[in-house]
Number of protein chains: 2
Amino acid sequence: MLARMMTVRESAFVEEMGQALAAYGMTPMAGRMWGWLLICDPVEQTAGDLADALQASRGAISGTARMLATAGMIRRTKRGGDRREYFSAPPEVFDQFLANAGRIYRHFREVTERGLAAMADRPPADRARLQELHDVFAFVEQEVPAVVDRFLRERAGGAGRKDRSA
Amino acid sequence: MLARMMTVRESAFVEEMGQALAAYGMTPMAGRMWGWLLICDPVEQTAGDLADALQASRGAISGTARMLATAGMIRRTKRGGDRREYFSAPPEVFDQFLANAGRIYRHFREVTERGLAAMADRPPADRARLQELHDVFAFVEQEVPAVVDRFLRERAGGAGRKDRSA
DNA sequence: CCCAACATTCAGTCAATACTGAACCTACGG
DNA sequence: CCGTAGGTTCAGTATTGACTGAATGTTGGG
């Protein structure tokens, strides 16, 4: 506690990340917390640190931390001889976060499958639109791991190597 | 007007699509309208048809139709000698919808860039996390067109052709 | 065993926002 | 030039859901 306050620009970033994540189904607080954990010092922050930095209640911190951890966007760690829990957003979690993008497409694929089932007795021509959309989602869902893999390989191969042959 | 009502299963699909899109930043009505346009008969529906089918006000239909059209998820067409406007969700729009996914990643990349600018005077080690996240977004953003292209080629090449060499 | 510190839960409050519906605008038809 | 049908806008309403904070677990120290 008693860490330095955010600068104006840091606060702007934290707030913008809050709005950005809120625009895609998470809460503003989730975005703020993630944003702060991406730029804070030290890297690991206790619930008290976060409540202080984000001017939020303990309850909000608790619930939001769970949401972010479930989504694979932050990590929670405990230390022996310390009751507190430490939150952080280390680079490793980004890969997991990226892979999770596939879950979205899977969700939509499943919805379209239920829709197609509801149209079971309609002529194939009527079902074509939804079938096509289903195929789009299924394709992307299947493609995500490959993209993740390519990213990891590019990073491992060094920043200089681009390997962007068409 | 006076088209048949939705079956229970159709209604369930429409409602589920409403919730699904609502979970990702659009309104429930947008999801319902999209869902209905994916399964309705005839394919093209007037604003009056939609208001009737979805039990929604004309105002809601108007605003929602604009939102979906802007997002490239539906098409609006007009015919000579008919003042009405027709809405539809033909297969062609899905490609555009898929390509739009790149916009999301671009948005996040830009946010992270502003964050990095806000950390300009911090040591490189502190900036590493956010820089890494930025690289993830930038990579995916750049990768989206290739994925779209691959989908189009697979579809054009026939359902049997898979071409999934690593 | 009790205390203190930290974390979680959840009912209540408040702000954000999706939707309604009436007024307004526009364009074609007579 | 008026009438009508379709489309849009926007102020108001209702609903949702994010956040608060006090009560309730839980874990380690004395």
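Quick caveat: nothing in here was measured; it's all calculated off a predicted structure. The sequence lines fix the lettering, A, B, ..., with proteins before strands; numbering per chain opens at 1.
- Candidate nucleotides dA7(C), dC19(D), dG6(D) were compared by shortest atom distance to the side chain of Arg83(B), and dG6(D) ranks first.
- Taking 4.0 Å as the cut-off between side-chain N and carboxylate O, Arg153(A) and Asp149(A) count as a salt-bridged pair.
- Atom CG of Asp82(A) is separated from atom P of dG29(D) by 10 Å (rounded to the nearest Å).
- For Gln55(B) and dG21(C), the CD to C1' distance is 15 Å, given to the nearest whole Å.
- Atom CE in Met33(A) sits about 12 Å away from atom C1' in dC19(D), given to the nearest Å.
- Trp36(B) and Glu10(B) share no donor-acceptor pair across their side chains, judged by distance under 3.5 Å alone.
- Taking atom CD of Glu85(B) as the reference point, atom P of dC28(C) lies 13 Å away to the nearest angstrom.
- Atom CZ in Arg84(A) sits roughly 12 Å away from atom P in dA5(C) (whole-Å rounding).
- Distance CD/Glu154(B) to CZ/Phe151(B): 7.5 Å, rounded to 0.5 Å.
- Contacts of residues 57-78 of chain A with DNA chain D (heavy atom under 4.0 Å): Ser57(A), Gly59(A), Ala60(A).
- Look at Glu92(B) and Arg75(B) and you find a salt bridge, because one of the NZ, NE, NH1 or NH2 atoms lies within 4.0 Å of a carboxylate O, short of that distance.
- Between Gln19(B) atom CD and dA18(C) atom C1' the separation is 14 Å, expressed in whole Å.
- Atom P of nucleotide dG28(D) and atom CZ of Arg79(A) are separated by 15 Å, given to the nearest angstrom.
- Applying the salt bridge (Lys or Arg N to Asp or Glu O under 4.0 Å) test to Glu44(A) and every residue at least two apart in sequence or in another chain returns Arg79(A).
- For the pair Glu15(A) CD and dC19(D) C1', the computed distance is 14 Å after rounding to whole Å.
- The shortest distance between the side-chain N/O atoms of Thr27(A) and the OP1/OP2 oxygens of dC19(D) is below 4.0 Å.
- Nucleic acid contact class of Ala56(B) (heavy atoms, under 4.0 Å, all strands): sugar-phosphate only.
- Defined by atom type and a distance below 3.5 Å, a donor-acceptor pair is present between the side-chain atoms of Asp135(B) and Gln131(B).
- Arg76(A) and Glu85(A) are joined by a salt bridge, as a carboxylate oxygen and a charged side-chain nitrogen come within less than 4.0 angstrom of each other.
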